[in-house]
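Here the structure comes first, spelled out in structure tokens, and everything after it is commentary.
First the proteins, then the strands, lettered A, B, ... as listed; each starts at 1.
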Amino acid sequence: MREGLQMRRRDFIRAGTLGGLAAGGGIGGLGDPLAAIVGGPGRGVAEGRVRLSSNENPLGISSAAKDALVEAIVLANRYPADQHRALVAKLAAAHEVGEDQVVLGTGSAEVLQMAVQAYAAPRAKLVMAEPTYEAVTNYQRTEAYELVRVPLTPGHEHDLDRMREAAESSGHPALVYLCNPNNPTATITSSAAIDAWIADAPDHVFFLSDEAYIEYVEDERMWSSLPWIAKKRNVLVVRTFSKIYGLAGLRIGYGIAHPDTAARLSDFASRNNINQLAIAAAGASFRDEGLMEKSRVVNRESRQMVEATLDELGLERMPTQANFLMHRINGDLATYRGRMAEAGFLVGRDFPPMLDWNRLSFGLPEDMGRFCDTLRDFRGKGWT
Amino acid sequence: MNTRFSRRHFMGSAAAALGALGLRPQSAFGVALRPPPPGLAPLDPYDDLAKLSSNENPYGPSDKMMASMNAAWKYSNRYGYPDGDIHEKIAEHHGVSTRNIIMNAGSGETLKVAGITFLGHEEKVVGVEPTYTSVYRVASGIDADVIARPLLADHTQDIDDLIKVTKRNYRDVGMVYVVNPNNPTGVIVPDSDIRQLLDGIPEDIPVLIDEAYHHFIQDPSYSSAVKYIKEGRKVIVTRTFSKIYGMAGLRLGYGIAPAEMISEMRTYATGSVNALVRWGAVAALEDHESEAWVKDTTIKLREATAEQLRSQGFEVIPSETNFFMVHTGRPASEVRAEFRKRDVAVGRDFPPMLDYLRVSIGTEEEMKRFLVAWKEIFPDGMTATGAR
Ligand SMILES: Cc1ncc(COP(=O)(O)O)c(C=O)c1O
Ligand SMILES: Cc1ncc(COP(=O)(O)O)c(C=O)c1O
């Protein structure tokens, strides 16, 4: 015996409200009574530990996005083509590009995957910084790229001169991955310098501009590579709903490119890739100024607290333009991480060759306060 | 929709109810057949449609699935979170290891990944036509090729022919693709044929067997090809939560294959599955009652509807799925347009079967609307010269 889906959506809403997680809960639904049991937003969900390890947004899904998601549950059984198209139209209008220039992915990861697969060619190079976000080294087809990793400059920028040399010297196709701000360092690379390269790059050099954290950037030396797509087929800008919008678990991101490039990428997208819940939540979150401002304010507060503590302890840190930072630890990284996990904090992972640095994602200010206390405590024990 | 009520009404005396429908279509069931006002689109035309075009499950996730998803909101912003061990649960469900399972955003993604993994440059995928063409489209996207062979006259897949063609093109064949039961025909490939195919082609050629509609099958000559994976054959079976579990919009499907093949496939996929959906799927695998209800209801509605069409002289291909194909005797595109005017969406074209219409099984109410519309479009039934 089944009631209609419309009817059962009401139960969905009701139950959601009981959990303090549907309409009106505010960003993050901090009133969640279940939080104590399984860990609410901002709390670690791995045995009660706080997750400061994956550059997530600790505030969680916004209340508007939750409402939209509840509405969308009635579409759970329907292929999402219409809703997909509507979201593409919304993003295209906001970015002032054509609807044939926007490609949705199950996370920006799928868009990166499309690019890696679409531009593979015999003797093609994949040129990237070291360290940087490694996902693009996955997904390669049988004709694997020749990987060229170019260390960051001492100022933690992409070394564009050396990357350019690597990309252009052979005359073969090259996929250049630019992660700006860079993960794991949270540092930016001057957009003026990037623009200068794109302006004269030959067509066989393809720029994959990953702007996952751009909404957090305050430094005026960085801006989006988006204007290039009006002129160039060889530029793809990638954005995500996983970071400032807080939807990492729902899986949605997108790429923007010249229509020909977008069409080529779409050959490597899976059909009906994005789920209805993600489409609804993304549509409700996109350019929600309240949500974005709240995310920035909370991020800034946590960042300042961490920076002050690191400075106080004399632990070197990199300048950050994102929702995480890299700082030195004294001693073995794995040991440090293990001890932090015991103290209730999941932090970083290995980012070779920077093995005496740890990447720390910013959580809620109250959690970062406890983290800072723990770090001081570690110092007292001679652990860092 | 009150299903208890409508089930009593419909299932008890399906033929009688549908018979009455044929006589007094408008009043008997209170179905409003509203042609859209001229020059004016309805406010939300989608809601008014009987959606019989995409082989979706009209009932959506079960209550237990909804409850399970409802408890997973809090993971919306996370990359790592408890997910009900869905990967392990799927592996257990099939009696294989997690190393034999790849989870994707719909089995559509699994098909794509299999294509990208096993079709090299200018290699060929061998299969039939018509069938679900997603793999063929992937092949063209990556500059691979398609050898699409016709069905036999009884709409079955010609296994001897597939073997012959595969052997003849051995060097160039990257993969064989079999949809079982086939979409759009709804016809199964018996297990003996699958075994014959696997034994008949060189054993290093991967065979992709798409079992999207597995859960609706009653014919005992069918059996899932998962057992061949356990025998160590190069077989990939795909399954989906889109059909029997009503999750087409939520995007979860998976592939089952030998561990080496799965690990090769993983290289080309992001593994991106929504946090809430993982929990819904865990509940789906445990909700046997709901699964049985969907299967039973779908089959009853399918058979009652097909019976009506047959009684008016139309050929309906016997189906083992949540859709069927009916011979219209005139271009299906025309018939589809007629249905659309009556707010009924039916299947797209499936060349070369252009005078067959694919109809997905909706709710009882939707099937009634379909039959009322059918009667209007084919008032004289199937005539000797084809319906007109
Ligand atoms: C630079 C960068 N790009 C892409 C991603 C992938 O994010 P998603 O697939 O969730 O959009 C991440 C995630 O951490 C990232 O740091
Ligand atoms: C035979 C077949 N395979 C695969 C799919 C894709 O299903 P999904 O991606 O929703 O799992 C479909 C959908 O209609 C289908 O008919």
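Using modelled atom types and a 3.5 Å distance limit, the side chains of A:Ser270 and A:Glu110 yield a donor-acceptor pair.
Note on A:Gln113, A:Arg78, A:Arg251, A:Lys243: by heavy-atom pairs under 4.5 Å with chain B, the leading option is A:Arg78. Chosen from A:Asp82, A:Leu112, A:Leu247, A:Leu250, the residue pairing most often with chain B at heavy-atom distances under 4.5 Å is A:Leu250. When B:Thr270, B:Val138, B:Val113 are compared by the number of non-hydrogen pairs under 4.5 Å with chain A, B:Thr270 comes out ahead.
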- Task: Given side-chain hydrogen bond (donor to acceptor under 3.5 Å, both in side chains), test A:Asn55 with B:Tyr79 step by step and report yes or no.
- Result: CA-CA 9 Å; A:Asn55 303 347; B:Tyr79 287 105; over 6 Å; no
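Proximity to chain B (any heavy atom under 4.5 Å) is shown, for A:Asn272, by both the backbone and the side chain. For B:Arg278, no part lies near chain A; criterion is any non-hydrogen pair under 4.5 Å. Contacts between A:Ile274 and chain B at a heavy-atom distance below 4.5 Å involve the backbone alone (N, CA, C, O). Heavy atoms of B:Lys51 lying under 4.5 Å from chain A belong to its backbone as well as its side chain. For chain A, the nearby part of B:Val273 is the backbone; its heavy atoms alone come within less than 4.5 Å. Contact annotation for A:Ala269: only backbone heavy atoms (N, CA, C, O) come within less than 4.5 Å of a heavy atom of chain B.
Summarising the local packing, CZ of A:Arg123 is surrounded by 12 or fewer heavy atoms from other residues, nucleotides or ligands at distances under 6.0 Å.
Residues B:Ile142 and B:Leu119 meet the side-chain proximity criterion, which asks for heavy atoms closer than 4.5 Å. Looking at A:Asn273 and A:Met114, their side chains come closer than 4.5 Å, going by heavy atoms from C-beta outward.
Salt bridge annotation for A:Asp260-A:Arg264: absent, with no cationic side-chain nitrogen under 4.0 angstrom from a carboxylate oxygen.
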